[in-house]
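Take a look at the structure below.
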Amino acid sequence: MDTTKALDAAEFREYFDEIPEDEYASEIQKRCDKTGFTSLPFDPDYVEDETGTPTTHAAIIESVHGVKNPIIFGDRHSVLVRELRAASHVDNWSVEKANICAQFLEVVEHIARSAWFRTPPKCTYIGTKSNSSALVEMEVPNVEKTMAILAFVRQIFAEHRQDGLFEAMCVIFAEHCGDSGKALWMSECLSAFTRDLESESGFFGLGGRKCREILNMFLYGAGLMHAKPHSHFREDGNLAEAIDEHGRERVVAAFHFALHSVMRVPFNAYPVIRQEFLHWTRTCGMAAPNRVELVELFRNVGSHHDTAERHNEHQP
């Protein structure tokens, strides 16, 4: 750390009030209640040292603490640089597991290159004397762009274990990854994924409703995934109630932010899973998938692209 900068910063100490650590949560909540926004921890991929030179979280930890090749939860770069090791429990590997891995990779790639993903939700708020957070403009993907990715996102977070693609992928990874550190990192990814589902949606809190609740309100209450008469979920009333309480715009924005929140961890885990999976099937001699890829299934004559090239071009 640059001690000169630390001393310079001390000159401004009188302008700030120190808040005890155990009061952080209540102070943040006060600001959230005032503005209508929910504060979230921010852990950017980009970091730099005191000289402005780009570096990594791992390099900083190594420099400060002397830890070589540290594994940092949430930081995929810290595990991508680790040497690939022989797979574990090879005898328990199967084509079925290979198909699950391949399906996860394909689903994430479809979402990453979708028009929905390329059209992130945008909301503009303006403060007035009577309202500190009045919504003046909102832009979200239209229903066609949204519908195009819902079936894929639904696979990622499905509540039933046999359908929950990300959880199934994490279980396979933990069993067969030969690096116990990577396996631990992936287990934390699954925990973080669950926390995201059970947390409020991005900047838009809807009376304490969690991401999973908001998603189900739209998937079932708005009939985006299943016909309401045949659904086991009865979300019609919940959706109408949320709109009455918070307005259509805020509820729709919360839905799109919930979709992005759900995909945050799978996007981050994707390169690590892909790197390990290709190592297993290309180097370790483990069975490759035999499923028909959707791109091939719906391919028009004359528009074929090499699968490996496609994977390289559309990584999250």
Side-chain angles (χ1 to χ4, degrees), residues 96-97 99-121 140-173 186 189-202 204 206 209-239 242 251-270 273-274 289 291-295 297-298 314 316:
E96 180 181 1
K97 290 181 178 179
N99 285 338
I100 291 174
C101 296
Q103 182 174 353
F104 169 79
L105 295 176
E106 185 180 17
V107 163
V108 173
E109 289 162 7
H110 275 295
I111 297 171
R113 64 171 175 263
S114 68
W116 171 85
F117 186 70
R118 297 194 304 271
T119 314
V140 295
N142 61 29
V143 67
E144 288 81 11
K145 293 178 180 178
T146 304
M147 290 295 292
I149 55 92
L150 283 185
F152 293 122
V153 178
R154 187 69 182 91
Q155 290 182 48
I156 294 290
F157 80 95
E159 295 179 43
H160 300 294
R161 184 160 187 172
Q162 61 267 32
D163 294 328
L165 189 53
F166 185 61
E167 180 178 355
M169 181 67 252
C170 289
V171 171
I172 293 172
F173 190 96
M186 193 60 66
C189 281
L190 181 56
S191 298
F193 176 71
T194 302
R195 288 194 298 269
D196 283 349
L197 276 171
E198 303 306 327
S199 299
E200 292 188 37
S201 171
F204 297 91
L206 298 180
R209 291 177 175 87
K210 311 305 182 186
C211 277
R212 190 193 298 275
E213 296 176 80
I214 294 171
L215 293 174
N216 283 337
M217 280 197 315
F218 277 81
L219 294 176
Y220 301 105
L224 297 181
M225 284 295 295
H226 297 281
K228 299 175 200 174
H230 304 288
S231 173
H232 295 294
F233 296 90
R234 299 301 179 194
E235 296 286 347
D236 306 59
N238 293 336
L239 179 59
V251 174
V252 172
F255 171 60
H256 281 284
F257 275 99
L259 287 170
H260 279 274
S261 295
V262 166
M263 290 307 304
R264 180 185 70 87
V265 174
F267 276 149
N268 191 44
Y270 168 92
I273 292 171
R274 179 177 181 272
R291 62 187 294 274
V292 178
E293 291 193 350
L294 292 178
V295 169
L297 185 63
F298 292 96
H314 298 289

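The first residue in the sequence is number 1, and the count goes up from there.
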**Report entry** Close side-chain approach of Val251 to Phe218, heavy-atom, < 4.5 Å
**Finding:** yes
Query raised in the report: Do side-chain atoms of Gln155 reach the backbone of Val107 as a donor and acceptor pair under 3.5 angstrom?
Result: no
Query - Point-to-point distance, once rounded to the nearest 0.5 Å, from CD1 of Ile100 to CG of Leu105 - result: 12.0 Å
Query - Heavy-atom pair with the smallest gap, counting every atom of Arg154 and Leu219 - result: CD-CD1, 3.4 Å
**Report entry** Under 3.5 Å: donor-acceptor pair, side chain of Asn238, backbone of Met217
**Finding:** no
Requested in this report: Check the pair Trp116 / Ile111 against side-chain contact (heavy atoms from CB on, under 4.5 Å), numbers first and verdict last.
Outcome: CA-CA 8 Å; Trp116 171 85; Ile111 297 171; 4.0 Å; yes
**Report entry** Nearest heavy-atom neighbours spanning Leu206 and Glu200
**Finding:** N-OE1, 4.3 Å
Query raised in the report: Taking all atoms of both residues into account, what is the closest heavy-atom pair of Leu197 and Lys210, and its distance?
Result: O-CB, 3.8 Å
Report task. Could you go through the side-chain contact (heavy atoms from CB on, under 4.5 Å) check for Met186 and Ile273 one step at a time? Result -> CA-CA 9 Å; Met186 193 60 66; Ile273 292 171; 3.5 Å; yes
Query raised in the report: Who are the side chain to side chain donor-acceptor pair (under 3.5 Å) partners of Glu96, not counting sequence neighbours?
Result: none
Report task. With the side chain counted from C-beta on, respond yes when Val262 and Phe193 share a heavy-atom pair under 4.5 Å apart, and no when they do not. Result -> yes
**Report entry** Pro121 and His260, any side-chain heavy atoms less than 4.5 Å apart
**Finding:** yes
Requested in this report: For the residue pair His256 and Thr146, establish whether any side-chain heavy-atom pair is separated by less than 4.5 Å.
Outcome: yes
Query - Point-to-point distance, once rounded to the nearest 0.5 Å, from CZ of Phe267 to CD of Glu109 - result: 10.5 Å
Query - Parallel, tilted or perpendicular: ring planes of Phe104 versus Tyr270, cut at 30 and 60 degrees - result: tilted
Query raised in the report: Under a 4.5 Å cut-off applied to non-hydrogen side-chain atoms, are Phe117 and Ile149 in contact?
Result: no
Query raised in the report: With a 4.5 Å heavy-atom cut-off, do Glu167 and Thr194 have their side chains touching?
Result: no
Query raised in the report: Heavy atoms, side chains only, cut-off 4.5 Å: are Met263 and Leu259 in contact?
Result: no
Query raised in the report: Any idea how His110 and Phe152 line up, ring-wise: parallel (<30°), tilted (30 to 60°), or perpendicular (>60°)?
Result: parallel
